[in-house]
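Report on one structure; see the data block that follows.
Excluded from the calculations below are hydrogen atoms, water molecules and symmetry mates; all remaining heavy atoms, backbone and side chain alike, are included. In what follows, chains are A, B, ... by sequence order, proteins preceding strands, each numbered from 1.
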Amino acid sequence: MEYQFRAIEKKWQTIWQEKKAYQVSNESSKPKCYVLDMFPYPSGAGLHVGHPLGYIASDIYSRFKRLKGFNVLHPMGYDAFGLPAEQYAIENGVHPAICTHDNINNFRKQLDNIGFCYDWDREVRTCDATYYKWTQWIFLQLFNSYFDRAQQKATPIQNLVSAFEKEGNINHPCPVAEVKTFPAETWKSYTEKQQQDILMHYRLAFCGIGEVNWCAALGTVLANDEVINGLSERGGHPVEKKKLRQWYLRITEYADRLLSGLETIQFSDAMKEMQSNWIGKSEGAEINFAVKEANEVLRVYTTRPDTMFGVDFMVVAPEHVIIEKIVPSSHQAEVAKYIAYVKSRSERERIAEKKITGCFTGAYVINPFNGVEIPVWISEYVLAGYGTGAIMAVPCGDDRDFKFAKHFNIPITNIIGDAFNGLEANPTKEAILSNSDFLNGVVQKAAIAIVNDKIEALGLGNRKINYRMRDAAFSRQRYWGEPFPIKWDNGIAYPMDEKELPLLLPKVDHYGPGPDGEGPLANIPSWKEAQLETNTMPGFAGSSWYFLRYMDAHNENEFCSRKVSDYWGQVDLYIGGTEHAVGHLLYSRMWTKALYDLGHIGFDEPYKKLLNQGMIQGSSRFVYRKRGSSIFVSAGLIKDYEVDQLHVDVNKVDGVELDTEAFKKWKPDYANAEFILEDGKYICGVEVEKMSKSKFNTVNPDDLVNKYGADTFRMYEMFLGPVEQSKPWDTKGIEGVHRFLKKFWRLFFDEIKGKIWVDEAASLEELKVLHKTIKKIEEDTDRHSFNTAVSSFMICVNELYDLGCHKKSVLSDLLVLMAPYAPHFCEELWQVLGNEGLAIDAAFPIFDAKYVVETAKDYPVSINGKMRTNIAIDLSCTEQEVSDIVLANAVVQKWMEGKPVKKLIFVKGKMINVVI
RNA sequence: GCGGAUGUGGCGAAAUUGGCAGACGCACUAGACUUAGGAUCUAGCGCCGCGAGGCGUGUGGGUUCGACCCCCUCCAUCCGCACCA
């Protein structure tokens, strides 16, 4: 009986479905385990072999925990709102819901092929009204809350209103500078509009005018993490800064908690580093400098107050409001010219070419510590949006300041003695200060606090913590997203009542943008009349909380009942790519913290442990066409010709050898192709690139599942190497794994004799092999070392094969061990052996150390650290006995050449080293 | 520029705590069985050398009885951030 994987896989997938084998209950006496995949955006391209890598890993881990007696939640769903479906709608007039639906069906079919143990009853789709009702509901929670800085947590906005009525905002300074302190009486005297405008500056989800990343080609704004080098992440269109009315999430208020929370969760160092860099906390001070001969103050932000005596000039951002107040008439023309130049430069140009540019304003400020007059410059290297938009420049200690000073011939003051060589800035904090009045002789590090104390005492400024992270732009001028549950009236945003949710996404006639930079919803007269918000939420809205909905997917009264979220708690293992490091993962962490603060859930970090699967790259193949002909030259011969390199479909190539007949049929252009061969073969060029359709290097998992079966495919993906590592895909090796399964199968069936497994007691040797494997698989699976686990299965089967072991008891245990990896295969043979129940529900075999104890060890023996021979010695031997045996050994004596033993190192159970 | 990661046979990799480097698999070579082999089985397979043996984990150094592993130097590749004061 042969291993007929197609029939077996189909059979068991049907049975598991009929038995609802993967349905998970929220009530169980078992310990819980929550294993989550980052849910996919259902693109039209479908899955390639890179996508399932993480899904297979999480599937194996889920099944493993299940065998170990856990109640395992392992759900899947779709991040279904988003740009591509909408772009497709604009171009083809098809409603995004329709193509999203089709894509989901296609994804589902592909996923089902691989035999995952998802509980599909819990599936979520972010674009379903039953789901986005709760996304809107959470938005309202954020809208109706502010961040109480004293308690460091989200708090109902109503509490703030009560405080304002009682005491004004004296104890609740506004996160935004333009709202000054006001007493209770003033608050009460405000109109509703004035009050609401003030509250808007406190809300966690708020609407405001701000500089946003505007992408004209997409007709929408983008969040900072959706912009890469001045281009949109999706589509690569130019992005410019624009002032617009937008919704935001006040994520900056959570900066500190997002930072400190990293210490409580298991993310890789790389991932934590990326997040903390993105948050970009820096501790410094804001210091006021009086402007000479003007009633103005220039406030700068610095992390290096210790360098106060090394300030040679000030630099303000071109957008800084002080410029028009301080520039004397003598310099106005020049300044205007420079500002015009800066405005002419696009964001992209600024990023691409970093030139040293600037302009003197003609104004001076006074150093409050020594009365020195300091010239004020304007330069584009100072950003308006960070700190105060103005800096004090210390060329001897800061590289940019140094280059600027050199470029414009500004004299440099040295305050760090020999630490500054005049040729480049030295950013050290360890140097001893000189030329620094009361700081002379003080180490810079220590001087920081001294200066901070002094400026605070003199009222010149104060300590200040700044973050690089900005509040997240939360509205998009798009159709295919969640509508905001907000009604406008007289410029006041009124939240809709919970009972009115969901606010359904209406039908539109066309998906193009609305007037005045508004979204498509602005084209609907009834929507406009109702004064509903015309923006929609961004893609990360739905993905910020989906892990909670899986827990209680059908709850019509709550986003997730507290009882259920208390049971499942944090995601124990979250598997996905690194591309979400600063987007999804940060937003999701913030939403979780806000929901926690408001008492809706009982934990404030969503993901206990994150495992990043590596990217599977494509291994592209190339053909070389002789220019202006249809003659193709084999890779080894191209130096003799003038050729163009063209991608060729990797599926038309076996290794590096082109299937020339298949190639001719591939595209009409190539039908008459002729080939210049080497050794009778056409050899293709090879390069590792990102896997993508345009490079013809994608491999479809369906094809491999069809050819080798899901179990082979699953094990091969794991066998490729550590999950975290990126690696190019190579289909060739899959044969080896397939051969392994066939070999395993032959432990049960013989081609001629048929059934060969027997119901006999296992020998000690067989039990040793089994228990060695139990231990290894348990440890490897637990630490996500799936590649070495697959190797261990191979070793085990090889050894059982050599022992001629066909014993039911041994094979049954082995099948349970391997069921997480090759579920269909193991389930079939489990049944063949006549075992009760399902293999996927069996108990994980228990390792018994007594089967693997050794009485003797074949010790490696080294002479002076060089391995020379092996000697088998009984483990019970004393060190003296070991020494006697080793020194009497002929090989050892030969290498000792009669020299005396200086030392003999004996590590019991490990090795022996003779030092001479 | 800053930060993170990685570097081991022809290839993917293993070595979990400092203790036999290259497990397991691919590819390749030889042989067996066979009408046949893209099935299966047996053997070989880091490099140099006929051999004894020598050399080998990106480079150079260090610690150690002993280093792929720990420390320092440099090099290469990949990823993230990037004028953040």
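Every residue meeting the ring pair (Phe, Tyr, Trp, His ring centres under 6.0 Å) condition with A:W729, not counting sequence neighbours, appears here in chain and number order: A:Y716. Residues forming a ring pair (Phe, Tyr, Trp, His ring centres under 6.0 Å) with A:F793 (at least two apart in sequence, or on another chain): A:Y821. Checked against ring pair (Phe, Tyr, Trp, His ring centres under 6.0 Å), A:Y801 has no partners two or more places apart in sequence or in another chain. A:K272 is linked by a salt bridge (charged side-chain N to carboxylate O under 4.0 Å, His left out) to nothing, counting only residues two or more places apart in sequence or in another chain. Residues meeting the salt bridge (charged side-chain N to carboxylate O under 4.0 Å, His left out) test with A:D399, sequence neighbours left out: A:K403. Qualifying ring pair (Phe, Tyr, Trp, His ring centres under 6.0 Å) partners for A:H771, counting only residues two or more places apart in sequence or in other chains: A:Y851.
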Protein proximity profile, nucleotides 25-50 of chain B - base contact B, sugar-phosphate-only contact S, no contact -, cut-off 4.0 Å on heavy atoms: SSS-----------SSS---------

Protein-to-nucleotide contact annotation, 5' to 3' order, nucleotides 63-75 of chain B [B base; S sugar-phosphate only; - none; under 4.0 Å, heavy atom]: --BS---------

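For the contact set between residues 306-320 of chain A and RNA chain B, defined by any heavy atom under 4.0 Å, there are no members.
Residue A:K857 qualifies as enclosed at atom NZ: its count of foreign heavy atoms under 6.0 Å is above 12.
If you measure from atom CD of A:Q613 to atom P of B:A5, you get 20 Å, rounded to the nearest angstrom.
Annotation: ring pair (Phe, Tyr, Trp, His ring centres under 6.0 Å) contacts involving residues 266-289 of chain A, sequence neighbours excluded, are absent. Within the structure, every pair that satisfies the salt bridge (Lys or Arg N to Asp or Glu O under 4.0 Å) test and touches residues 775-785 of chain A, not counting sequence neighbours, is listed here: A:K68-A:E778, A:K775-A:E779, A:K776-A:D780, A:D780-A:R783. Residue pairs meeting the salt bridge (Lys or Arg N to Asp or Glu O under 4.0 Å) criterion with at least one member in residues 716-733 of chain A, sequence neighbours excluded, are A:D654-A:K732.
A gap of 15 Å separates the P atoms of B:A23 and B:C11, to the nearest Å.
Here B:G31 is in the anti range [glycosidic angle more than 90° from 0].
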